[in-house]
Protein chains: 2
Amino acid sequence: MPLTERFTTLLKNHGLKKTPARLRVLEILTKSSQAIAYSEIEHQMKAVADRVTLYRLLISFEEQGLIHKTFDHQGTAKYALCQANCDIHTHHDEHVHFNCTQCNGTFCLDTVILPAISLPKGYSASSYQFAITGICKNCRG
Amino acid sequence: MPLTERFTTLLKNHGLKKTPARLRVLEILTKSSQAIAYSEIEHQMKAVADRVTLYRLLISFEEQGLIHKTFDHQGTAKYALCQANCDIHTHHDEHVHFNCTQCNGTFCLDTVILPAISLPKGYSASSYQFAITGICKNCRG
DNA sequence: GTTGCAAATGCAACAATATTGCATTTACGT
DNA sequence: ACGTAAATGCAATATTGTTGCATTTGCAAC
Ligand SMILES: [Mn+2]
Ligand SMILES: [Mn+2]
Ligand SMILES: [Zn+2]
Ligand SMILES: [Zn+2]
């Protein structure tokens, strides 16, 4: 299935209107092998949309389960497409994120298995975020 | 040992000069049961120091291993005293952080045991950040 | 206790990130 | 083709964090 067609159904399935800005963001995120920062997305947008539109679009995408957001070791927000079938109610893509201190890249590690954690009494968990900081495979000599 | 005296040795041991702003920050962090945000520290400082001084002071403290920094579920930086004997070279206090979605509190959970994680080939880890999001013990009905 | 100097601070300016209100435009079901 | 809710653009504002530089201060050596 061609990309544009996939994006069209994706947007429709999540109750979002098809607009040039949204298609462009989906394209950018699809072609990226990493989670990417707002500034990088804006850069690649090449003025397809206003900054505010981009922010609001990312919020919608996250709310509707098209993308997820993670903060890297420096606190920078990074966005990536959801792999699983996430929707407005639940994100199903809890996975490890790897942050490289050399290239500042953020990778979604879907293959790593998250071990169970037992919390102290009184706390109730709704989601987990596991991040690992180090050197990524691209940056190794 | 009285607080001020403890702070004095703490600063000296880490090669930092004793100043009113630094003593105040140590006091604020000592008295807090949670990791707290820059804005909260600034608020409690009551104009003991300039904003820039506070930022620079926090950077020094972190570099020298007096405090550690974590990002909550909203990406807000939160600071807390190091429990272990951390220094300029290594932080020894890798523990789970709990972020409450109701009060926005961030708790250092020193008792929770971090399970081992095996990474895919090519990645090498230097540190881990495990955060749990949910409802804290104070916010439960 | 005086001195010297690196460290720490204050102030101004700047940069990045993010949000809000409101008028205008657009997508899309009918 | 039309009507309307959703999406966008623009201006203004807020928060967070950084940088350069002049001044002050802590503290070790004398
Ligand atoms: Mn991810
Ligand atoms: Mn902590
Ligand atoms: Zn890398
Ligand atoms: Zn709470």
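What you are looking at is a predicted structure, and each value in this text was computed from that prediction instead of being measured. Chain letters run A, B, ... following the sequence lines, proteins first, then strands; residues in each count from 1.
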Q: Check the phosphate of C:dA8 against B:Thr19, side-chain N and O only, distance under 4.0 Å to OP1 or OP2. Yes or no?
A: no
Q: Applying a 4.0 Å non-hydrogen cut-off, can you work out what B:Leu16 is touching in the nucleic acid: base, sugar-phosphate, or nothing?
A: sugar-phosphate
Q: Taking for each residue the nucleotide of DNA chain D bearing the nearest heavy atom, is the 5' side occupied by B:Pro20 or by B:Ser39?
A: B:Ser39
Q: Please confirm whether A:Tyr38 and A:Tyr55 have ring centers closer than 6.0 angstrom.
A: yes
Q: Are A:Arg22 and A:Phe61 side-chain neighbours, meaning at least one heavy-atom pair lies under 4.5 Å?
A: yes
Q: Mind calculating the distance between CD (A:Glu42) and P (C:dA18) to the nearest angstrom?
A: 11 Å
Q: Can you list every pair that meets side chain to side chain donor-acceptor pair (under 3.5 Å) and has a residue in residues 132-141 of chain A, with sequence neighbours left out?
A: A:Thr133-B:Gln129, A:Lys137-B:Tyr123
Q: Would you say a side-chain N or O of B:Thr53 is under 4.0 Å from OP1 or OP2 of C:dA8?
A: no
Q: Return no unless some side-chain N or O of A:Ser60 is found under 4.0 Å from OP1 or OP2 of D:dA7.
A: no
Q: What is the distance, to the nearest angstrom, from the CG atom on B:Leu58 to the P atom on D:dT18?
A: 10 Å
Q: Where each residue is assigned the nucleotide of DNA chain C containing its nearest heavy atom, which of A:Ala37 and B:Ala49 is assigned the position nearer the 5′ end?
A: B:Ala49
Q: Would you kindly give the CE-to-P distance between A:Met45 and D:dG9, to the nearest whole Å?
A: 9 Å
Q: For the hydrophobic clusters of this structure (ILVMFWY residues joined by side-chain heavy atoms under 4.5 Å, transitively), does one cluster hold both A:Ile41 and A:Phe7?
A: yes
Q: Looking at every strand, decide which applies to B:Arg22 at a 4.0 Å heavy-atom threshold: base, sugar-phosphate, or nothing.
A: sugar-phosphate
Q: Rounding to a whole Å, what distance do you find between B:Arg24:CZ and C:dA8:P?
A: 20 Å
Q: Using whole Å, report how far OH of A:Tyr55 lies from P of D:dA12.
A: 19 Å
Q: Over how many whole Å does the gap from B:Gln74 atom CD to D:dT15 atom P extend?
A: 15 Å
Q: Among C:dG29, C:dT19, D:dT18, which is the nearest nucleotide to the side chain of A:Val52?
A: C:dT19
Q: Take atom CG of A:Leu54 and atom C1' of D:dG9, then tell me their distance rounded to the nearest Å.
A: 13 Å
Q: Return the value, rounded to whole Å, for the distance between atom CG of B:Leu11 and atom P of D:dT25.
A: 18 Å
Q: Answer yes or no: does a side-chain N or O of B:Tyr38 lie under 4.0 Å from OP1 or OP2 of D:dT16?
A: no
Q: Report yes if a donor N or O on one partner sits less than 3.5 Å from an acceptor N or O on the other, where the partners are the side chain of A:Arg51 and the base of C:dA18; otherwise report no.
A: yes
Q: Could you please name the option among D:dC21, C:dA27, D:dC10 that lies closest to any side-chain atom of A:Arg56?
A: D:dC10
Q: Is it the case that the ring center of B:His95 lies less than 6.0 angstrom away from the ring center of B:His68?
A: yes
Q: Can you identify which nucleotide, out of C:dT20, C:dT17, C:dA7, has its nearest atom closest to the B:Lys17 side chain?
A: C:dA7
